[in-house]
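One structure is given here, and the rest of the page talks about it.
All figures in this text were calculated on a predicted structure; none of them were measured in a lab. Position 1 is the first residue of the sequence, and the numbers go up from there.
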Amino acid sequence: MSTPGGPDEDWRGLDRRTVLVTAAVMAGVAGGAGLPVLLGLAGSMPWWQALGWVLAGALVLIALGTGADWLRWRRTRYRIGPERAELHTGLLLVKRRSLARERIRTVDLTAHPLLRVLGLVKVRIGTGEHTGGGESTLELDPVPRAEGERLRRELLARAAAGVPEADREGTLAVLDPRWIRYAPVSFVAPLLGGAAVGAVMQVSEWFGVQAQVIDWVGERFRDTPLLWTVVVLAALALVAGVVGALGLWVEMWFGYRLEREPGGTLRVRRGLFTSRSLSIEERRLRGVELVEPLGVRLCGAARVDAVATGLVKDDEDRKADHRTLLPPVPGPVADDVVARVLREGVPPTGAHLTAHPPAARSRRLRWALAAALVPVLVLVVLGLCLTDALLYAAAACAAVAVPLAVPLALDAYRSLGHALEGDYLVARSGTVRRGTVALRRDGVIGWTLKQSWFQRRAGLLTLTATTAAGDGAYPVYDAGGHEILDFAARAVPGLLEPFLERPGDPAHHPGGEQDGVRPGPPGKDGPGRTQRVLRSRQAEAGG
């Protein structure tokens, strides 16, 4: 077979066993879809005739899927040259993709159970640019595992200039089986419990016994009060969710290992059935985020996410978990890994944070009480118009929501804070999901200053650090107006100054207070201290 240009030996093809993998996958899909179809047809024709129709349809589906994958295998070639990585694929409409090697940021390897049995992996090469249609990625699905490892090493090879040899490589963290105790306290458990209930109802409907299942459950709780029935069923669903969360944790984190490789690359390997190998160049690392969901935080644990460029590659990967460096672990372990990842003596995320003004606490209390009382008021109005039962529901909702809203609001206020710690800007916020980000100050490319009418009355300001890494923006909510402006000016000198003025500057507001500019109150350092004021309610500076 002729290659798509260039010397034949320069171009490589995918592994031919991809056809076998596709045939097995299509057989599984056909079996899963064929069972409910068979049950449906068996009610209107003899079972052997229904089985024949289902088998014929399954064979057609398998043949079509396998044939399409065979054509894809025949028409796909890739080449890794000294300057570019290229991929040519397609039968009638040939697609040609090419990535400059100096722009390649990630080479991730994944393998589901079938690929693992055959010694194959899927290789995903990306530049980290946010483009649609996959133009910023090349996907080789599949190649032999040895070829995938070779490509990863070759494409991510970098010179780690200025890094001592002893610090270049080594294991930073390995799996501790005791970490599994944090799986049941995540938000995944109740979601999986609800999914389990839905699955039971769906399967019972396939077999035409859904009414019998409902009747059976009703018989079990015939003499039980409604409230206790709901509690018991919710508890059973939660138990199922906990079991599911434990199984999901094992599948995701089995064999976990975080390593620093030669050339300055962080590599995360994990997975029981589907193995994953994710790589992050250290030169693209702009910091880390210590994430503490409420249940995990109550147990004194946290997880660590990377704040780096080049992790979200296209629309297909926006929901993928490519930036978690460490699963929920005890707090001291997380702090130690943060320090080792950032090559710091102490973790910046543990810095002493500046507290926010009491007005920020009042805002959170008002928000929380409004969120708790609005549903109560709706139920009261409906109860007055429809039935008294809704009034009892409103009372129950108020009895539960208000006592929860107040402590959550107070915790959200206590979680607020910011600081400068060495080369890092540190910001913390959130209660249901508290996040503490340590962002390199040289990674901040702009500021966004926002001040609503209510914030202006309270003397508060929200400062957002803009960066090309991670989420792209990390806010400091409801900080003191003048203090946070000084904080931003010290964090990245020269970036915010074009948007700040001295009060009374005739070049900008000769008539006094104009265009949203207002002189600030006297500073703490005396009347001679220069007061910075906001030129507009929202200012952005980009680098």
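- Annotation: the span from R12 atom CZ to E147 atom CD amounts to 4.5 Å, rounded to 0.5 Å.
- Electrostatic pairing of R101 and E154 counts as a salt bridge here, judged by a charged N lying under 4.0 Å from a carboxylate O.
- Taking the six-membered ring where the residue is Trp, W73 and W70 present tilted rings, their angle falling between 30° and 60°.
- Under a 4.0 Å N-O distance rule, the pair E289/R433 qualifies as a salt bridge.
- Taken to the nearest 0.5 Å, the CZ atom of F487 stands 4.0 Å off from the CG atom of L425.
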| query | What do the steps show when you test D141 against L14 for side chain to side chain contact (heavy atoms under 4.5 Å, CB included), and what is the final call? | reply | CA-CA 7 Å; D141 182 16; L14 304 178; 5.6 Å; no

| Can you list the steps and then say if R286 with L439 is a side chain to side chain contact (heavy atoms under 4.5 Å, CB included)? | CA-CA 6 Å; R286 297 294 180 265; L439 181 65; 4.1 Å; yes

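- Looking at E251 and R276, a side-chain N of the basic residue comes within less than 4.0 Å of a carboxylate O on the acidic one, giving a salt bridge.
- A heavy-atom distance below 4.5 Å is not found between the side chains of R428 and R414.
- By the 4.5 Å heavy-atom criterion applied to side chains, L325 and V341 are counted as neighbours.
- Side-chain contact of R72 with T18: a donor-acceptor pair under 3.5 Å is present, judged by distance alone.
- Side-chain contact annotation: R84 with S98, donor-acceptor N/O pair under 3.5 Å present.
- Looking at R116 and P113, their side chains never come closer than 4.5 Å, going by heavy atoms from C-beta outward.
- Taking the charged nitrogens against the carboxylate oxygens, E282 and R260 do have a contact shorter than 4.0 Å, which makes a salt bridge.
- Atom OH of Y477 is surrounded by 12 or fewer heavy atoms from other residues, nucleotides or ligands within 6.0 Å.
- A 4.5 Å side-chain heavy-atom check between I484 and W447 finds every atom pair outside the cut-off.
- Under the 3.5 Å distance criterion, with hydrogens and angles disregarded, no donor-acceptor pair is assigned to the side chains of E483 and T354.
- Nearest heavy atoms, Y424 versus R440: CE2-CG, 3.3 Å.
- In summary, E139 and K95 do not engage in a salt bridge, as defined by a charged side-chain N under 4.0 Å from a carboxylate O.
- In this structure, CG in L485 is found 8.0 Å from CG in L463, a value given to the nearest 0.5 Å.
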| Steps toward side chain to side chain contact (heavy atoms under 4.5 Å, CB included) verdict (V188, W249) | CA-CA 10 Å; V188 173; W249 188 94; over 6 Å; no

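- Here the side chains of V21 and P142 are not in contact, with every heavy-atom distance at 4.5 Å or above.
- Taking CG of L156 as the reference point, atom OG1 of T106 lies at 7.5 Å (rounded to 0.5 Å).
- The aromatic rings of H88 and W11 sit tilted, their planes meeting at an angle between 30° and 60°.
- Taking every heavy atom of both residues into account, A302 and A334 meet most closely at O-CB, 4.2 Å.
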| query | Given the rule in the side chain to side chain contact (heavy atoms under 4.5 Å, CB included) test, do Y78 and L138 qualify, once you have shown the distances and angles that lead to the verdict? | reply | CA-CA 9 Å; Y78 68 93; L138 302 182; over 6 Å; no

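- Atom OG of S186 is separated from atom CG of L294 by 12.0 Å, given to the nearest 0.5 angstrom.
- Taking 4.0 Å as the cut-off between side-chain N and carboxylate O, R153 and E261 do not count as a salt-bridged pair.
- You'll find the side chain of T324 reaches within 4.5 Å of the side chain of D305, heavy atoms only.
- Among R97, R79, R77, R96, the one residue that satisfies the side chain to side chain contact (heavy atoms under 4.5 Å, CB included) test with E86 is R79.
- The CZ atom of R490 sits 12.5 Å away from the CG atom of L496 when rounded to the nearest 0.5 Å.
- Within the 4.5 Å cutoff, the side chain of T137 has no heavy atoms near those of the I125 side chain.
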